Amino acid sequence: LHSNNNPYASFGATLARDEEQNLWSTPHDVTHTEADDDRVLYNMIVVRNQLDKDSEEWQKLNYDIYTLRQTRKEVRSRWKHILEDLGFQKEVDSLLSVTKLSIISDSQNMSKARDILLKLSEETNIFPTSWELSERYLFVVDRLIALDAADEFFKMASVVYPKRPSVERVDDNQKATQC
């Protein structure tokens, strides 16, 4: 059972480490820790790994890490769903892939991309309410602008993930109707 000469002996451990560092979706991509939201997740993982697994702090951090990852997967899934509906079935993964090597296609598109991303967050539910806008999706919107598909993406997101009125707005509308 001693495996000093077995090149595959640490294979499982390597996969586990890769999964820990896999902050978004691409294993072995060290560029994930470049963005602010990636650094937050990375720091949570580092702190959790320094704690005793039986501690309450470890369990809380582990839950927070899991929740953040699930939220990211959900957001990515929403974007993927819309892109596929727009006809980008074969390109969807490359459109959503962002690394530190990614660039904005045209600096003039930057303000338009920011406006569309902000509009998506304010007027649709493509992002959860607690979500802080990720730089990652700025690059995706830039790509959509370059493909002349950003407006169609926004329209589709508005239909598929419409912003639900808040309780206050519903109350105000009911009061206005009653008057």
Side-chain angles (χ1 to χ4, degrees), residues 14-46 64-166 168-170 173:
T14 303
L15 285 178
R17 278 194 310 276
D18 286 348
E19 180 56 31
E20 279 301 302
Q21 300 303 321
N22 181 5
L23 302 180
W24 284 93
S25 60
T26 309
H28 310 293
D29 183 1
V30 296
T31 65
H32 290 307
T33 56
E34 295 295 318
D36 288 340
D37 55 338
D38 291 334
R39 268 188 241 108
V40 169
L41 181 56
Y42 178 77
N43 290 336
M44 289 170 63
I45 292 169
V46 169
D64 291 345
I65 291 166
Y66 173 81
T67 303
L68 183 55
R69 284 181 167 161
Q70 288 306 109
T71 303
R72 287 177 167 196
K73 285 179 185 178
E74 179 183 326
V75 169
R76 187 179 194 285
S77 175
R78 290 176 181 181
W79 280 73
K80 187 174 182 174
H81 172 74
I82 294 172
L83 289 169
E84 288 173 343
D85 285 353
L86 289 174
F88 294 107
Q89 292 87 357
K90 293 181 181 178
E91 301 87 356
V92 72
D93 289 326
S94 62
L95 284 170
L96 291 172
S97 176
V98 176
T99 69
K100 75 176 179 181
L101 301 176
S102 299
I103 57 169
I104 297 293
S105 64
D106 183 353
S107 60
Q108 294 177 351
N109 289 348
M110 181 63 85
S111 64
K112 184 176 180 182
R114 285 187 200 280
D115 291 344
I116 292 172
L117 190 59
L118 188 60
K119 195 172 164 184
L120 279 165
S121 83
E122 292 174 349
E123 299 180 25
T124 72
N125 276 331
I126 196 163
F127 297 111
T129 19
S130 62
W131 183 269
E132 290 188 30
L133 287 182
S134 172
E135 183 181 358
R136 157 177 302 276
Y137 290 101
L138 186 63
F139 286 93
V140 178
V141 172
D142 172 65
R143 292 169 184 165
L144 292 173
I145 291 170
L147 293 169
D148 200 26
D151 293 331
E152 290 80 15
F153 184 91
F154 175 78
K155 289 174 190 172
M156 180 79 69
S158 298
V159 171
V160 178
Y161 301 105
K163 191 68 150 186
R164 292 179 184 89
S166 68
E168 291 175 14
R169 283 192 221 155
V170 171
N173 289 339

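All values derive from a computational prediction rather than experimental measurement.
Looking at residues two or more places apart in sequence or on another chain, you find a salt bridge (Lys or Arg N to Asp or Glu O under 4.0 Å) between K80 and D93. Residues that satisfy the side-chain contact (heavy atoms from CB on, under 4.5 Å) test with T129, not counting sequence neighbours, are absent from this structure. Looking at residues two or more places apart in sequence or on another chain, you find a side-chain contact (heavy atoms from CB on, under 4.5 Å) between V160 and H81, M156. Looking at residues two or more places apart in sequence or on another chain, you find no salt bridge (Lys or Arg N to Asp or Glu O under 4.0 Å) involving E152. Under the side-chain contact (heavy atoms from CB on, under 4.5 Å) criterion, E91 pairs with F88, S94, L95, sequence neighbours left out.
Using modelled atom types, no side-chain atom of S77 and backbone atom of K73 make a donor-acceptor pair closer than 3.5 Å. Checking side-chain atoms of E84 against main-chain N and O of Q89 turns up no donor-acceptor pair under 3.5 Å.
Rounding to the nearest 0.5 angstrom, the gap separating the CG atom in L144 from the NZ atom in K112 is 10.5 Å. Taken from CZ in R76 to CZ in R136, the straight-line distance is 8.0 Å, to the nearest 0.5 Å. A distance of 4.5 Å separates CG in D64 from CE in M44, rounded to the nearest 0.5 Å. Distance check: Y66 OH to T71 OG1 gives 10.0 Å after rounding to the nearest 0.5 Å. Atoms CG and CZ, from L138 and R143 in turn, are 10.5 Å apart once rounded to the nearest 0.5 Å.
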Handout entry: Residues E135, V98; criterion side chain to side chain contact (heavy atoms under 4.5 Å, CB included); working and verdict
Key = CA-CA 9 Å; E135 183 181 358; V98 176; over 6 Å; no
Practice task
Take W79 and V141 through the test side chain to side chain contact (heavy atoms under 4.5 Å, CB included) and record every step on the way to the result.
Solution key: CA-CA 10 Å; W79 280 73; V141 172; 3.7 Å; yes
What donor-acceptor contacts under 3.5 angstrom involve side-chain atoms of residues 114-128, with partners at least two apart or in another chain?
{"from": "S121", "atom 1": "OG", "to": "L118", "atom 2": "O", "distance (Å)": "2.9"}
{"from": "T124", "atom 1": "OG1", "to": "L120", "atom 2": "O", "distance (Å)": "2.4"}
{"from": "T124", "atom 1": "OG1", "to": "I126", "atom 2": "N", "distance (Å)": "3.3"}
{"from": "N125", "atom 1": "ND2", "to": "P162", "atom 2": "O", "distance (Å)": "2.9"}

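Only one option out of I82, I145, D85, V140 pairs with F153 in a side chain to side chain contact (heavy atoms under 4.5 Å, CB included); it is I82.
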